[in-house]
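The structure appears below as structure tokens.
Quick caveat, the model's predicted, so the values are computed rather than measured. Labels below follow one simple rule: chain letters A, B, ... track the order of the sequence lines, proteins then strands, and each chain is numbered from 1.
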There are 2 protein chains.
Amino acid sequence: MTEFGLSPIQATARDDAVLKALAGFVMREALGPGQRLPTERILAERLKVSRNTVREALTRWEGLGLVERRQGSGTYLKGVVSLDMLHMPLTLAGGNDFTSLMQTLEIRRALEAEAAALCAVRAGQANLVEIGRKLDIMEQAFHTRAGMSAEEDWEFHQSIYRASGNPLFEQIIAAMHELFHRFWEHPLGVRDFGHASFPYHRTIYERIAAHDPEGARAEALKLIATVEDDLKRGAAKLKLSGQK
Amino acid sequence: MTEFGLSPIQATARDDAVLKALAGFVMREALGPGQRLPTERILAERLKVSRNTVREALTRWEGLGLVERRQGSGTYLKGVVSLDMLHMPLTLAGGNDFTSLMQTLEIRRALEAEAAALCAVRAGQANLVEIGRKLDIMEQAFHTRAGMSAEEDWEFHQSIYRASGNPLFEQIIAAMHELFHRFWEHPLGVRDFGHASFPYHRTIYERIAAHDPEGARAEALKLIATVEDDLKRGAAKLKLSGQK
DNA sequence: ATGGCTCAATGGTCCAACCAATTTCTGCAT
DNA sequence: ATGCAGAAATTGGTTGGACCATTGAGCCAT
């Protein structure tokens, strides 16, 4: 078996061409997240392709999280689209068991700490205001609803990832978060989960606002540690009650 | 092959249901990479859905790199499929520029340091032997080929990720590595890239062997720092020579 | 064996409907 | 005029059927 430096040519590339044309359109019109793009029927007509082909192309973008489709309403941009984008779909084998959860938490620990530190260095005034706003909302929800503030909690963290200046943090941790939730919907765990982690949200914010990267990193690590403890406690309880 | 263990689909959320059914089928039949799955027409018939729906579902999997379609031949598995998989579409705006590279490096810095620290805690004797072997091979290749040891270098790092006890490290960093390489094959960078990072490979190994997590983390951070410096130097050189 | 031929199988594209969710418009009651 | 329920238009989701382009297997003459 000898090796020739040849790679297969791309025979048909209809939907790829559609995506390239669409990306060009999005850039020319300067469309951003949240904005609606033309209907499938219009795209099919303008691009002189079948609506099926348009749909396959949009399905690709939807899978990449670039676009969101709402039946009866339209197709909306979810992220920034440009012609030279690099896509890397990563699929991990993640089970719904305790071990998988702890593994995702180890990843999150590494990334959360780094993101907090970077954020402390790079966050501008606008970022700080936004993070502070999310923190206030979360704290208020925590007090009025007695600890049920998972959604607001998540938005607070997301605002930090965004302010880190590196979109990869948000993308990776978002996937971890989804896996986490998939487990958690099956509410076999501890009752008031994020309770112990609550105070650290404000300390993280304070270290970031003070532009203290190592302090922010330390507080983020403390936060994750409490979550790991909660998880271990929940797992121990499960083991005692002898679940399947 | 006439009988496929597939049963019809229920109401809404068609293509998601199709994928779930297909994933179940793949697992029951214990299909692995390279094997062919049923034709679109057969799937459509067995699942009682239209062929277009089957195609949209398969387009999703194709976008995730789980499957490869060959016109006139069939659809083939490219990766391992299981029911609970974690999909993580990573998107970098402006693929081939310096910024994207630095962003992947920031992720790698966070994960590499954590993996080294975990490895120092968890690595058993067999892991240490394997890592040491990879280190020797790398060092030898480095000396005989005057610095060209990218492949051996990568294998050394991989052995650390594996010994960390968390498969997610290897999977995520491998994706970053691939992204990194896609740029660097276009050899616009510095000539002897990993040169400065060379000595830290052994120091990392020593700290791991000594079961010193914080020491291993520190050495890993030094290593990444040298790579970042190399990258910055390369970018500065490019800027001087005024490339497009 | 080799090369060329046919031919069936398979993914790729197209079309013309209809369904289901959503939005927009309309017209009536107040 | 205003408010609101119901009709109509809009839009993504699905269907079935048709045809094209590529692949691969079988066959045959050389």
Please report, rounded to the nearest Å, how far the [atom2] atom of [N] is from the [atom1] atom of [X].
X     : N      : atom1 : atom2 : value
B:R55 : C:dT13 : CZ    : P     : 7 Å
B:D16 : D:dG12 : CG    : P     : 19 Å
B:E40 : D:dT14 : CD    : P     : 16 Å
A:E45 : C:dC15 : CD    : C1'   : 14 Å
B:L58 : C:dG11 : CG    : C1'   : 10 Å
A:R14 : D:dA21 : CZ    : P     : 10 Å

- Task: Check salt bridge (charged side-chain N to carboxylate O under 4.0 Å, His left out) between B:R60 and all other residues, then give those that pass, not counting sequence neighbours.
- Result: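 Here the qualifying residues are A:E62, B:D15.
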
- Item | salt bridge (charged side-chain N to carboxylate O under 4.0 Å, His left out) against A:E29, all qualifying residues, sequence neighbours excluded | none

Filtered N/O pairs between nucleotides 16-19 of chain D and protein, under 3.5 Å:
| residue | atom | partner | partner atom | Å |
| --- | --- | --- | --- | --- |
| D:dG16 | O6 | B:N52 | ND2 | 2.9 |

- Query: Distance-only, no hydrogens or angles: does the B:T53 side chain make a donor-acceptor pair with backbone N or O of B:V49 under 3.5 Å?
  - Reply: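 No, the answer is negative, given that no donor and acceptor are paired below the 3.5 Å cut-off.
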
- Task: Would you check if the side chain of A:N127 reaches a backbone N or O of A:G124 as a donor-acceptor pair within less than 3.5 Å?
- Result: yes

- Expected list for residues 65-75 of chain A near DNA chain D, using heavy atoms below 4.0 Å, is A:R69, A:R70, A:Q71, A:G72, A:S73, A:G74, A:T75

- Query: Thinking salt bridges, do B:E40 and B:R69 make one under a 4.0 Å N-O criterion?
  - Reply: yes

- Carboxylate-amine/guanidinium proximity below 4.0 Å for B:K134 and B:E130: yes

Quick one: side chains of residues 111-119 of chain A, donor-acceptor pairs under 3.5 Å with protein atoms, not counting sequence neighbours, listed by atom name and distance.
| residue | atom | partner | partner atom | Å |
| --- | --- | --- | --- | --- |
| A:E112 | OE1 | A:R108 | NE | 2.9 |
| A:E112 | OE1 | A:R108 | NH2 | 3.4 |
| A:E112 | OE1 | A:Y161 | OH | 2.7 |
| A:E112 | OE2 | A:H157 | ND1 | 2.8 |
| A:E112 | OE2 | A:Y161 | OH | 3.3 |
| A:E114 | OE1 | A:R217 | NH1 | 3.2 |
| A:E114 | OE2 | B:R109 | NE | 2.8 |
| A:E114 | OE2 | B:R109 | NH2 | 3.0 |

- Query: B:R36 side chain: which of C:dT10, D:dG13, C:dT13 is closest?
  - Reply: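 Among the listed nucleotides, the one closest to the side chain of B:R36 is C:dT10.
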
Set out, line by line, the N/O atom pairs under 3.5 Å between protein and nucleotides 5-9 of chain D.
none

- Query: Taking the six-membered ring for Trp, are A:H143 and A:F198 parallel (under 30°), tilted (30 to 60°) or perpendicular (over 60°)?
  - Reply: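 Answer is perpendicular, since the angle exceeds 60°.
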
- Please determine if A:R70 forms a cation-pi arrangement with A:Y76, meaning its NZ or CZ atom is less than 6.0 Å from the six-membered ring centre and no more than 45° off the ring axis.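 So A:R70 does make the cation-pi contact.
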
- Message: Is any side-chain heavy atom of A:F25 closer than 4.5 Å to one of A:L43?
- Response: no

- Which residue, A:L64, A:T91, A:L90, forms the side-chain contact (heavy atoms from CB on, under 4.5 Å) with B:L64? A:T91

